Amino acid sequence: MQQTPLKYDTEVKAGGRVEFEVPLPPGSHVTVLVIGSDNGDFQDLFLASQSSLEFWDNPLDDDWK
């Protein structure tokens with residue numbers, strides 16, 4: 001049986017409550033996996049990519065004669 005995952009980004013409400021609507025009929029059985037998110041903050045990856053770019057900023061590599 002093929003299963004198509006659905007992804008929902010939402011906030012946890014008071015008391016640890018999470019609510020969202022799914023396109024499934026009432027009575028459907030579902031499995032819910034909860035994974036904490038950093039709200040798309042990729043600052044650490046951005047900084048890592050910037051530091052690796054410095055390697056290519058080398059005047060010795062600019063002379064292709």
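From a predicted model like this one, the values you see are computed outputs, not experimental measurements.
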- Message: Between Val22 and Val30, does the side chain to side chain contact (heavy atoms under 4.5 Å, CB included) criterion hold? Intermediate values first, please.
- Response: CA-CA 10 Å; Val22 296; Val30 298; 5.6 Å; no
- Check side chain to side chain contact (heavy atoms under 4.5 Å, CB included) between Val34 and all other residues, then give those that pass, not counting sequence neighbours. Val32
- Message: Check this for me, if you would: do Lys13 and Glu11 make a salt bridge, where the nitrogen-to-carboxylate-oxygen distance has to be below 4.0 angstrom?
- Response: no
- Residues pairing under salt bridge (Lys or Arg N to Asp or Glu O under 4.0 Å) where one sits in residues 27-36, two or more places apart or in two chains, turn out to be none
- Determine the minimum heavy-atom distance between Gly16 and Val12, stating which atoms define it. CA-CG1, 3.5 Å
For residues 3-10, run the donor-acceptor check on the side chains, cut-off 3.5 Å, and write out each pair with its distance to 0.1 Å, sequence neighbours left out.
{"residue": "Tyr8", "atom": "OH", "partner": "Glu21", "partner atom": "O", "Å": "3.3"}

